Novice: 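Okay, here's the structure, questions in a sec.
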Amino acid sequence: MEYIPLKKEFFKVGALDLAQSLLGKILVHTTPKGLLAGIIVETEAYLQNDPASHSSIGATNRSKPMFEEGGIAYVYFTYGMHYCFNIVSGKKGTGEAVLIRALEPLKGIDIMKLNRKQTNISNLTNGPAKLTQAFGINKNHNYLKLYTKPLYITINPKEDKSKEIIQTTRIGIKVGADLPYRFYIKGNKFVSKL
DNA sequence: CGTAAGATGAAG
DNA sequence: TTCATCTTACGG
């Protein structure tokens, strides 16, 4: 099957809209080891006027990518060992992005198992730092355009049209935890726990 | 099942 | 000192 990248315009909407429209789409990474793909099943929006967002204090060396035009990657390093992958949304100058929290593995599952040193499929990509490890995403992917190779988002031709989207509060944060900026596909087994 | 703590480094 | 996290260890 051939994957066609989404167009740049897809990402120019606000983070809350993008967080929902990304659900059911496919994240593809072409790597030297092979092609990796997974369905996006859980996202969180981080806005500019949002105490939990890296952009809330303005553009810093770390959060700069969030202020670029929608459609690029914002990858940051945290807890001394983990990377998290965000998709920048909106117009240039607006500091917002969508955190990808969980995927459903589609292609390259054997590679993901090697990258993660795990054999259980349901423990490969069900968390923001797990999926970056499984996909081999790191600081080198910061600023990459997500509508071209090697890392891009595509339509899922087999997308379940009847999927139900749940909106609720974000997890794993202290401030801004009351804001309902988290979205996931109801009943999907790969949504992250807590 | 559940809770707790350690790993490890960059940002503020 | 905190942090948009994960894994392992241990008690029930």
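Owing to the predicted nature of the structure, the values given are computational and were not obtained by experimental measurement. Just so we're on the same page: letters track the sequence lines, and every chain starts at 1. Below, each value reflects all heavy atoms present in this structure, side chains not excepted, and no hydrogens, waters or symmetry copies.
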Novice: For A/Thr168, is there any backbone N or O sitting under 3.5 Å from a side-chain donor or acceptor partner on A/Arg182?
Specialist: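 Flag not set: sc A/Arg182 to bb A/Thr168 has no pair under 3.5 Å.
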
Novice: Please state how far atom NZ in A/Lys193 lies from atom C1' in C/dA4, giving the value in whole angstrom units.
Specialist: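 The answer, rounded to whole Å, is 18 Å.
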
Novice: Dump the intermediate steps for ring-ring contact (aromatic ring centres under 6.0 Å, His included) on A/Phe85 and A/Tyr83, then the final yes or no.
Specialist: CA-CA 7 Å; A/Phe85 171 62; A/Tyr83 292 101; over 10 Å; no

Novice: Are A/Ser89 and A/Glu96 linked by a side-chain donor-acceptor pair shorter than 3.5 Å?
Specialist: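 Short answer, yes.
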
Novice: A/Thr78 or A/Pro128: which one's nearest nucleotide on DNA chain C is closer to the 5' end?
Specialist: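 Its nearest nucleotide lies further toward 5', so the answer is A/Thr78.
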
Novice: Can you tell which of C/dA4, B/dT8, C/dC6 lies closest to the side chain of A/Tyr46?
Specialist: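 Per side-chain heavy atoms of A/Tyr46, the pick is C/dA4.
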
Novice: To the nearest Å, give me how far apart CG (A/Asn86) and C1' (C/dT5) are.
Specialist: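 Whole-Å distance recorded here is 14 Å.
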
Novice: For A/Arg182, report the nucleic acid contact type (base, sugar-phosphate, nothing); a contact means any heavy atom under 4.0 Å.
Specialist: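 Result for A/Arg182 = nothing.
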
Novice: CG of A/Asn123 versus P of C/dT8: gap in Å, rounded?
Specialist: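 Rounded to whole Å, this separation is 9 Å.
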
Novice: Where the side chain of A/Cys84 is concerned, which of C/dT5, B/dA10, C/dT7 is the nearest nucleotide?
Specialist: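 Minimum distance to the A/Cys84 side chain belongs to C/dT5.
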
Novice: Give the nucleotide from the list B/dT8, C/dA4, B/dG12 with an atom nearest to the side chain of A/Thr60.
Specialist: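 The closest nucleotide is B/dG12.
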
Novice: Can you tell me if the side-chain N/O atoms of A/Arg62 get under 4.0 Å from OP1 or OP2 in C/dC3?
Specialist: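 Result: no.
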
Novice: Counting any heavy atom closer than 4.0 Å, what does A/Ala129 reach on the DNA or RNA strands: base, sugar-phosphate only, or nothing?
Specialist: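 It contacts sugar-phosphate atoms only.
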
Novice: In whole Å, what is the span from the CG atom of A/Asn115 to the P atom of C/dC6?
Specialist: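 Rounded to the whole Å, the gap is 16 Å.
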
Novice: So which nucleotide from C/dA4, C/dC3, B/dA10 ends up closest to the side chain of A/Leu99?
Specialist: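 Looking only at side-chain atoms, A/Leu99 lies closest to C/dA4.
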
Novice: Please give, in whole Å, the distance from C/dA4 C1' to A/Ile57 CD1?
Specialist: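 Between C1' of C/dA4 and CD1 of A/Ile57: 14 Å.
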
Novice: Does the side-chain ring of A/Tyr79 sit on the six-membered ring of the B/dA7 base, less than 5.5 Å centre to centre and under 30° in tilt?
Specialist: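 A/Tyr79 ring does not meet the centre or angle cut-off for B/dA7; no stack.
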
Novice: Separation of A/Lys174 atom NZ from C/dT2 atom P, in whole Å?
Specialist: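 The distance from NZ of A/Lys174 to P of C/dT2 comes to 8 Å, rounded to the nearest Å.
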
Novice: Going by purine N1 to pyrimidine N3 plus the second Watson-Crick contact, or the G-U wobble pair, all under 3.5 Å, which nucleotide sits opposite B/dG6?
Specialist: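 Across any shown strand, B/dG6 pairs with C/dC6.
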
Novice: Pick the nucleotide of DNA chain B nearest each of A/Lys139 and A/Gly80; which residue has the one closer to the 5' end?
Specialist: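 The residue whose closest nucleotide sits nearer the 5' end is A/Gly80.
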
Novice: Under 4.0 Å from OP1 or OP2 of C/dT7: is there any side-chain N or O of A/Lys130 that close?
Specialist: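 So the side chain of A/Lys130 is within the cut-off, an N or O lying under 4.0 Å from OP1 or OP2 of C/dT7.
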
Novice: Specify whether A/His54 and A/Tyr76 have parallel, tilted or perpendicular ring planes, treating 30° as the upper limit for parallel and 60° as the lower limit for perpendicular.
Specialist: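 A/His54 and A/Tyr76: perpendicular rings.
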
Novice: Between A/Arg101 and C/dT5, does any side-chain N or O lie under 4.0 Å from OP1 or OP2?
Specialist: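 Yes, within the criterion.
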
Novice: A/Glu69 and salt bridge (charged side-chain N to carboxylate O under 4.0 Å, His left out): which partner among A/Lys91, A/Lys12, A/Lys92?
Specialist: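 With A/Glu69 as partner, A/Lys91, A/Lys12, A/Lys92 yield a single salt bridge (charged side-chain N to carboxylate O under 4.0 Å, His left out), made by A/Lys12.
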
Novice: Has A/His54 got a side-chain N or O lying under 4.0 Å from the OP1 or OP2 atom of B/dA11?
Specialist: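 No, outside the criterion.
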
Novice: Indicate, yes or no, whether a donor-acceptor pair under 3.5 Å links the base of C/dA4 to the side chain of A/Tyr76.
Specialist: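 It does, because a donor-acceptor pair links the side chain of A/Tyr76 to the base of C/dA4 below 3.5 Å.
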
Novice: Check every strand shown and say whether A/Asn61 touches a base, only sugar-phosphate, or nothing at a heavy-atom separation below 4.0 Å.
Specialist: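 The answer is nothing, as A/Asn61 stays clear of every strand by at least 4.0 Å.
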
Novice: Establish, yes or no, whether the cationic atom of A/Arg62 lies under 6.0 Å from the six-membered ring centre of A/Phe77 and within 45° of the ring axis.
Specialist: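 The answer is no, since A/Arg62 fails at least one limit relative to A/Phe77.
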
Novice: When the C1' atoms of B/dT3 and C/dA4 are considered, how many whole Å apart are they?
Specialist: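 Taking atom C1' in both B/dT3 and C/dA4, they lie 22 Å apart.
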
Novice: Find the distance A/Gln118:CD to C/dT8:C1' and express it as a whole number of Å.
Specialist: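 It is 11 Å, rounded to the nearest whole Å.
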
